[in-house]
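To find a chain, count down the sequence lines: A is the first, B the second, and so on, and within it residues start at 1. Hydrogens, waters and symmetry mates play no part in the numbers below; they use all other heavy atoms, side chains included.
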There are 2 protein chains.
Amino acid sequence: MDNQDLRRAGLKVTLPRVKILEILTTAKEHHLSAEDVYRLLQESGEEVSLATIYRVLTQFEQAGLVERHNFEGAHAIFELKPEKHHDHLVCIYCGKVEEFVDDTIERRQQKIAQDAGYRMTDHSLIIYGMCVSCQ
Amino acid sequence: MDNQDLRRAGLKVTLPRVKILEILTTAKEHHLSAEDVYRLLQESGEEVSLATIYRVLTQFEQAGLVERHNFEGAHAIFELKPEKHHDHLVCIYCGKVEEFVDDTIERRQQKIAQDAGYRMTDHSLIIYGMCVSCQ
DNA sequence: CTTAATGCAAACCGTTTGCATAGAT
DNA sequence: ATCTATGCAAACGGTTTGCATTAAG
């Protein structure tokens, strides 16, 4: 995920965009809120305004580079778009996010949408619970 | 779902609470935003402030009478807590919400949480798509 | 009579936007 | 030189809250 991806997406290669992409690529936790990105950038010595972070993340989303999730709570969570789709396990105590894939569920979903006459465009499956370390 | 349920939940039986419960019980569409409830109440000749609607819906949620959903978009959607759990199909064009149940998926979810060492407290599965009439 | 519930208006918080300036090509 | 991206601060929309008033038990 580099500057080429930006150009390919029709986006000028600007410092904020490069830095944000860098954070998304390299941060330990790769499920981040806009604020998280803002804070991480600051910590790495870059000053990018929140407004720009929101704008850039939205552009990245539209360009298909990033996914936006609406987990519980107020703020959105962003992650680099993974090559293979996955769903999420979210710890309601510490907020940790884990990923999983389940083909059976994927297939059932397709079938459910189909049976209901829907053309499925997307889906969101989130399992909430208490993670090992929080129990 | 009546005044007894309110008492049982430890809530005083007030006019706003009774009316809101009534809307939730009788409205054709039973997936409603706070604004929807507000509007429906007005149409039925009752004047209840939005602040109260939010407070009451939150109390109902805590009392286990109501479920709150975070579908796409800004505002929350509320529905009377169904006796049997179900998930949702949401039309991204008209906003229509349909319900479904799939035991296979339910079982897989349990297993996934278990395998990850999570104690599952809840889950949310939303299929987004275009409904029959919007296609 | 006591305590909790309501309405109002202001606060809140995450997110978006208008506008003047800075930066990429 | 042109045109887009950025920062700032103000606006926004859904939701929450403090406080004085009203209603339930």
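Rounded to whole Å, the distance from CG on B:Leu15 to C1' on C:dG7 is 14 Å. The distance between atom OH of A:Tyr38 and atom C1' of D:dC8, rounded to the nearest whole Å, is 11 Å. Whole-Å rounding puts the A:Gln42 CD to D:dG7 P distance at 12 Å. Straight-line distance from the NZ atom of B:Lys19 to the P atom of C:dT6: 14 Å, rounded to whole Å. The interatomic distance linking B:Arg17 (CZ) with D:dG25 (C1') rounds to 13 Å, in whole Å. The separation between B:Asn70 atom CG and D:dG14 atom P is 14 Å, rounded to whole Å. Atom CG in B:Leu57 sits about 10 Å away from atom P in D:dT15, given to the nearest Å. Rounded to an integer number of Å, the gap from OH of B:Tyr54 to P of C:dA5 is 20 Å.
If you check every strand for non-hydrogen atoms under 4.0 Å, B:Ala74 touches sugar and phosphate atoms only. Using a 4.0 Å heavy-atom distance criterion, A:Glu47 is classed as a sugar-phosphate-only contact.
Under 3.5 Å, the side chain of B:Arg55 and the base of C:dG7 form at least one donor-acceptor pair of N or O atoms.
By the 4.5 Å side-chain criterion applied to Ile, Leu, Val, Met, Phe, Trp and Tyr, A:Val97 is assigned to a cluster that also includes A:Phe71, A:Ile77, A:Val90, A:Ile92, A:Tyr93, A:Ile126, A:Tyr128, A:Met130. In this structure, B:Leu89 shares a hydrophobic cluster with A:Leu89, A:Phe100, A:Ile105, A:Ile112, A:Tyr118, A:Met120, A:Leu125, A:Ile127, B:Phe100, B:Ile105, B:Ile112, B:Tyr118, B:Met120, B:Leu125, B:Ile127, the cluster being traced through Ile, Leu, Val, Met, Phe, Trp and Tyr side chains under 4.5 angstrom apart. Through side-chain heavy atoms spaced under 4.5 Å, either directly or across other Ile, Leu, Val, Met, Phe, Trp or Tyr residues, A:Val132 is tied to no other residue.
Checking D:dC8, D:dG14, D:dT16 against the side-chain heavy atoms of B:Arg68 singles out D:dT16 as nearest. Among the nucleotides C:dT16, D:dC8, C:dG14, the one closest to the side chain of A:Ser49 is D:dC8. Here the nucleotide nearest the side chain of B:Thr58, chosen from D:dT16, C:dA24, C:dG14, is D:dT16.
Closest-nucleotide positions on DNA chain D for B:Ala76 and B:Lys12 were compared, and the one nearer the 5' end corresponds to B:Ala76.
In this structure, A:Thr52 reaches the D:dG7 phosphate: one of its side-chain N or O atoms is under 4.0 Å from OP1 or OP2.
For B:Thr52 (side chain) and B:Val48 (main-chain N/O), no donor-acceptor pair under 3.5 Å exists by modelled atom type.
Listed by first and then second residue, the salt bridge (charged side-chain N to carboxylate O under 4.0 Å, His left out) pairs involving residues 114-129 of chain A are A:Lys111-A:Asp115 (not counting sequence neighbours). The ring pair (Phe, Tyr, Trp, His ring centres under 6.0 Å) analysis of residues 5-60 of chain A, with sequence neighbours excluded, yields the pairs A:His31-A:His88.
Each end of the helix from C:dC12-D:dG14 to C:dT25-D:dA1 gets its own axis, taken as the rotation carrying the C1' atoms of four end pairs onto the next four within a five-pair window, and the two axes meet at 30° to the nearest 10 degrees.
Considering CG of B:Leu41 and CD of B:Glu22, their distance stands at 8.5 Å, rounded to 0.5 Å.
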